[in-house]
Amino acid sequence: MKHKIEALILQAIETLKSESVLDQDISPKIIVDRSRDPMHGDFATNIALMLAKLARLSPRQLAEKLITALPQNDVIIKVELAGPGFINFFIDPGFHFQVIKQIHSAGREFGLSQIGFGKKVQVEFVSANPTGPLHVGHGRGAAYGSVVADLLQAVGFDVHREYYVNDAGRQMDILATSVWLRYLEVCGEVLPFPSNGYRGDYIREIAWNIHKDSGTEYHKTASSVLENIPPDEPQGGDKEAHIDALIDRAKNLLGETGYREAFQIGLNTILGDIKDDLKEFGVDYQEWFSERQLLDDGSVDKALQRLQSGGHLYEQDGATWFASSRLGDEKDRVVVRENGQYTYFASDIAYHMNKLDRGFDRIVDIWGADHHGYIPRVRAAIAALGADEAKLKVLLVQFATLYRGDEKVQMSTRSGEFVTLRQLRNEVGKDAARFFYVMRRSEQHMDFDLKLATSHSNENPVYYVQYAHARVCSVLRQLTEKGLERNLQRGLDSLDLLIEEHEVNLVTSLGQYPEVLERAALQHEPHQLIQFLRELANEFHTYYNAHQFLVDDARLRDARLNLVCAVKQVLANGLGLLNITSPESM
RNA sequence: GCGCUUGUAGCUCAACCGGAUAGAGCACCAGCCUUCUAAGCUGGGGGUCGCAGGUUCGAGUCCUGCCAAGCGCGCCA
């Protein structure tokens, strides 16, 4: 409808151009908005205010001419000039009600569109290091990312969801070594645990399982492990040097293959947990992309060569630098360290080159807000690789500060003290958790009160929306119990009986659903969909309290049932996009 | 110190690429269940949109400065 009016205005402008009221070369952006106040009709445009200067007319004069030039059509019953020069459009109420027919025929498809034109878009999100289970901090990125991806798909993009697995690098070595040291404890060895190691119970579990499956295959004595290892921090040493020495010792004592095996078992176990968690949380990926693969298949080399040939690399202090400051970054960045190892950034350049080479029209990276300083260097890399950096869209998710009542919950992966996503899901349930996470704008800091979220009280707004759905189902059950049947066609033929204010409001809202989806998707703002669903639920509950649906008049009854079934359908569609269930009863 | 993000009702948050009288929920007060689920509805109080300038027909929204909070400024990931 919005687009229809936009088209009409455009025609009117063309007419005025041909009459030389407007210059030929102007091509204004037509903005049509839903009117907030019903007094102002259904839609409004400010186009006359925008173009008044160019037309050398007062806004109201121009609006007058535009209204006159508006082509004949069958949907607009009244056009008004208002205020400083707004043009308000009043839609034929009968036309509003046609949306009920559309909803009944489109069903689950209602609201979907093709404005994405099948463009290929890659969405990468969560990508947490596989060094421990996902915690509630990752939950927001998971919920947000998956809904952003689903929304883009709903409006016609070809979406590829991806998790970048950081299965290389020092953190993974620390993980493997932590597992091995715990394993040695299971074997009966007594040795101090490094302050920089991963201390979570899940490490012990993995160690225990390795011992169960492989016995003493990786067993070495404590003395051979600790011999000549520099002291840990609590003993006055350097914790980094200490853990690095332990990593080297593990590689020496276990040998390349032995170490690799232990490493792999740890990785597989944790990554497996992460995959399970996300799946249970309603998050599905098309691809789990391995960082190690980039290193192993020479992609990182290739990426650096490409930067080299473009003249973007230089040597200094024994390291290789990427001249990112020439491309908008604060300073240049090291890609190959003095010791010959690639930095994390090097593989990230390769990863983004890979994304570009796969032919995505758009690349969406969803990161925690603490990584915002990373954006300029990745943009610089994309530009240096010769690609259009506008293809990259980075969306930041602020961390949720966790509270239990008034008390702030402190979390640290290393110490193993955190609330896992699994715990949250078990306590709150998938529906409430997802709803809660996506309810606010992603850049907005968020207080997540576990006490509130875990309490199954009516304060949780997800129940409010779900309840509206369940109520419609309940009405339909009542209908059957009364021995009545719904006649769809009779209802559709009787839509003109829906004259109550509540009914008009509901139908108007239903008609907005496709616009809401479009906006939420293009602006990457799932909370707009939530907002809409809450409003729709509110209008339904109000209607429910004000009017009886199961009335004696069969025509009115069927018309109303068609309306509430349309509401049910849209609620289910919206909740479905959020991957939240639509219960038949509560 | 520099950079990014945020600042709206007592609390948590909305406000559609600048638009007409800034809206919800929670909390508070007063009402509504012999009628389709009261996890609901109706009404009420509650605001110098952080502060000060600027841009224009019009600013919570854009620009500048200041104040405050979070985050970031490694040859870590």
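Chain letters run A, B, ... following the sequence lines, proteins first and then strands; every chain starts at 1.
- Residue contacts shown for His371(A) include a base, since a base heavy atom lies under 4.0 Å away.
- Counting only residues at least two apart or on different chains, no salt bridge (charged side-chain N to carboxylate O under 4.0 Å, His left out) pair has a member in residues 460-485 of chain A.
- For Tyr463(A), the side-chain atoms get nearest to rA39(B) when compared with the rest of rC16(B), rA39(B), rA20(B).
- Within the 4.0 angstrom heavy-atom criterion, no nucleotide atom of any strand lies near Phe345(A).
- Pairing of rA68(B), defined by two Watson-Crick or G-U wobble distances under 3.5 Å, is identified with rU6(B).
- To the nearest whole angstrom, the two C1' atoms, one in rG45(B) and one in rU61(B), are 28 Å apart.
- Across the interface with RNA chain B, nearest-nucleotide mapping of Ala319(A) and Phe43(A) shows Phe43(A) to be the residue nearer the 5′ end.
- Within 4.0 Å (heavy atoms only), Asn129(A) reaches sugar-phosphate atoms of the nucleic acid but no base atom.
- Side chains of Asp431(A) and Tyr463(A): no donor on one and acceptor on the other come within 3.5 Å.
- The separation of rC16(B) from rC73(B), taken at their P atoms, amounts to 33 Å, rounded to a whole angstrom.
- Comparing rC76(B), rC36(B), rG40(B) against the side chain of Asn545(A) picks out rG40(B) as the nearest.
- Among rC17(B), rA38(B), rG40(B), the nucleotide with an atom closest to any side-chain atom of Ile31(A) is rC17(B).
- Within the 4.0 angstrom heavy-atom criterion, only backbone atoms of the sugar-phosphate kind lie near Asp370(A); the bases stay farther away.
- Between Arg377(A) atom CZ and rG72(B) atom P there is a gap of 13 Å when expressed in whole angstrom units.
- Contact annotation for Leu476(A): no contact, since no heavy-atom pair falls under 4.0 Å across all strands.
- Among the protein residues, Thr542(A) comes within range of the sugar-phosphate backbone only, with heavy atoms under 4.0 Å from sugar or phosphate atoms but none that close to a base.
- Residue contacts for Lys331(A): at a heavy-atom cut-off of 4.0 Å it reaches the sugar-phosphate backbone alone, with no base atom in range.
- Using a 4.0 Å heavy-atom distance criterion, Gln548(A) is classed as a base contact.
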